[in-house]
Amino acid sequence: MAIYFSTENIDFTLPSQEKVKKWVTHIVKMQGKRVGEINYLFCDDAYLIEVNRTYLNHDTYTDIITFDYVAGNIISGDIFISIERVKENARLLDTPFEHELHRVIIHGVLHLLGQGDKSEEEAKAMRGKEEAALAEWNTII
């Protein structure tokens, strides 16, 4: 089990890294799964749009891209997060940056756990699961 954090093209350090690791592991275990290897890469918009163009053939800005390497009950993947998008979304939603960052962090994990967000119904379910996971944040010591 390993959860890693790195950066590309941005000066950023994730606050409370050990707590985030415990939280993500807790959410995965709540689903009856185990953490394999999850790599978070925090970057800027330019880096993430290039990933989006190169690997997904999408030419749009996004806050997160998740690459799924799940095998059975072992949850693994690469999760790219644009800190610039997270900051902008926090501003637009009038929510604290750290709250929006946690929402995006767990959003990627929920994708790895099989939750989609393409349809309106899936997106609504994703939001509910994000909120439930965010409520668990305060239970982690």
Side-chain angles (χ1 to χ4, degrees), residues 1-56 58-141:
M1 174 205 96
I3 299 173
Y4 301 103
F5 306 106
S6 61
T7 59
E8 188 69 44
N9 289 0
I10 198 159
D11 181 21
F12 175 76
T13 302
L14 177 67
S16 308
Q17 289 186 16
E18 290 307 311
K19 185 173 181 180
V20 170
K21 288 179 184 182
K22 288 178 184 176
W23 177 55
V24 167
T25 301
H26 173 70
I27 297 303
V28 169
K29 285 181 178 177
M30 285 177 63
Q31 299 301 311
K33 313 282 185 181
R34 292 185 305 149
V35 171
E37 185 172 303
I38 300 174
N39 299 296
Y40 284 94
L41 189 135
F42 301 102
C43 58
D44 63 7
D45 280 344
Y47 187 87
L48 196 55
I49 198 168
E50 194 55 38
V51 169
N52 215 1
R53 289 173 179 151
T54 302
Y55 297 101
L56 302 176
H58 297 157
D59 194 24
T60 56
Y61 288 101
T62 186
D63 53 358
I64 183 169
I65 296 175
T66 304
F67 292 97
D68 182 333
Y69 310 126
V70 172
N73 285 332
I74 308 299
I75 304 303
S76 298
D78 292 331
I79 300 173
F80 294 76
I81 296 174
S82 169
I83 294 301
E84 289 178 308
R85 283 300 93 219
V86 172
K87 284 180 181 175
E88 179 65 9
N89 290 344
R91 187 185 68 74
L92 291 172
L93 297 168
D94 194 28
T95 191
F97 168 74
E98 190 172 273
H99 180 82
E100 181 63 10
L101 179 60
H102 290 161
R103 187 192 65 74
V104 174
I105 285 170
I106 213 62
H107 182 95
V109 171
L110 292 169
H111 275 309
L112 297 177
L113 289 167
Q115 179 60 53
D117 62 0
K118 298 296 182 206
S119 72
E120 191 175 319
E121 187 176 304
E122 284 180 335
K124 185 176 178 180
M126 175 66 86
R127 289 290 175 251
K129 289 180 179 182
E130 288 171 359
E131 290 303 318
L134 288 165
E136 292 292 321
W137 174 259
N138 292 325
T139 70
I140 305 300
I141 298 173

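Sequence positions, counted from 1, serve as the residue numbers for this chain.
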Enter the distance from I106:CD1 to L113:CG here, rounded to the nearest 0.5 Å.
8.0 Å

Gap between atom CG of D78 and atom CG of L41 - 0.5 Å precision:
8.5 Å

What residue among R85, R103, K87 forms salt bridge (Lys or Arg N to Asp or Glu O under 4.0 Å) with D63?
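Of all the options given, the one that passes is R103.
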
Are N138 and E136 close enough, and set up right, to give a side-chain hydrogen bond (donor to acceptor under 3.5 Å, both in side chains), and what steps lead you there?
CA-CA 6 Å; N138 292 325; E136 292 292 321; over 6 Å; no

Report the C-alpha separation of K21 and E18 in whole Å, then their side-chain angles, then the decisive distance to 0.1 Å, and conclude whether the salt bridge (Lys or Arg N to Asp or Glu O under 4.0 Å) test is met.
CA-CA 5 Å; K21 288 179 184 182; E18 290 307 311; 3.5 Å; yes

Check this for me: Y55, atom OH, are more than 12 non-hydrogen atoms of other residues, nucleotides or ligands nearer than 6.0 Å?
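Open: at most 12 neighbouring heavy atoms sit under 6.0 Å from OH of Y55.
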
Counting heavy atoms not belonging to R34, are there more than 12 under 6.0 Å from its CZ?
no

Is it the case that the side chain of [X] and the backbone of [Y] share a donor-acceptor pair, with hydrogens and angles ignored and the cut-off at 3.5 Å?
X	Y	value
Q115	A125	no
W137	K19	no
E50	A46	no

According to the interplanar angle, ranging from 0 to 90°, do the rings of [X] and [Y] count as parallel (below 30°), tilted (30 to 60°) or perpendicular (above 60°)?
X	Y	answer
F5	Y40	parallel
Y47	F80	parallel
H107	H111	perpendicular

Using every non-hydrogen atom in the two residues, find where I38 and I75 come nearest and quote the distance to one decimal.
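In this case the closest contact between I38 and I75 is CG1-O, 3.8 Å.
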
Do D45 and S82 pair up side chain to side chain, a donor and an acceptor below 3.5 Å, judged on atom types alone?
yes

Begin from the C-alpha positions of E130 and H102 and carry the test side chain to side chain contact (heavy atoms under 4.5 Å, CB included) through to its verdict.
CA-CA 9 Å; E130 288 171 359; H102 290 161; over 6 Å; no

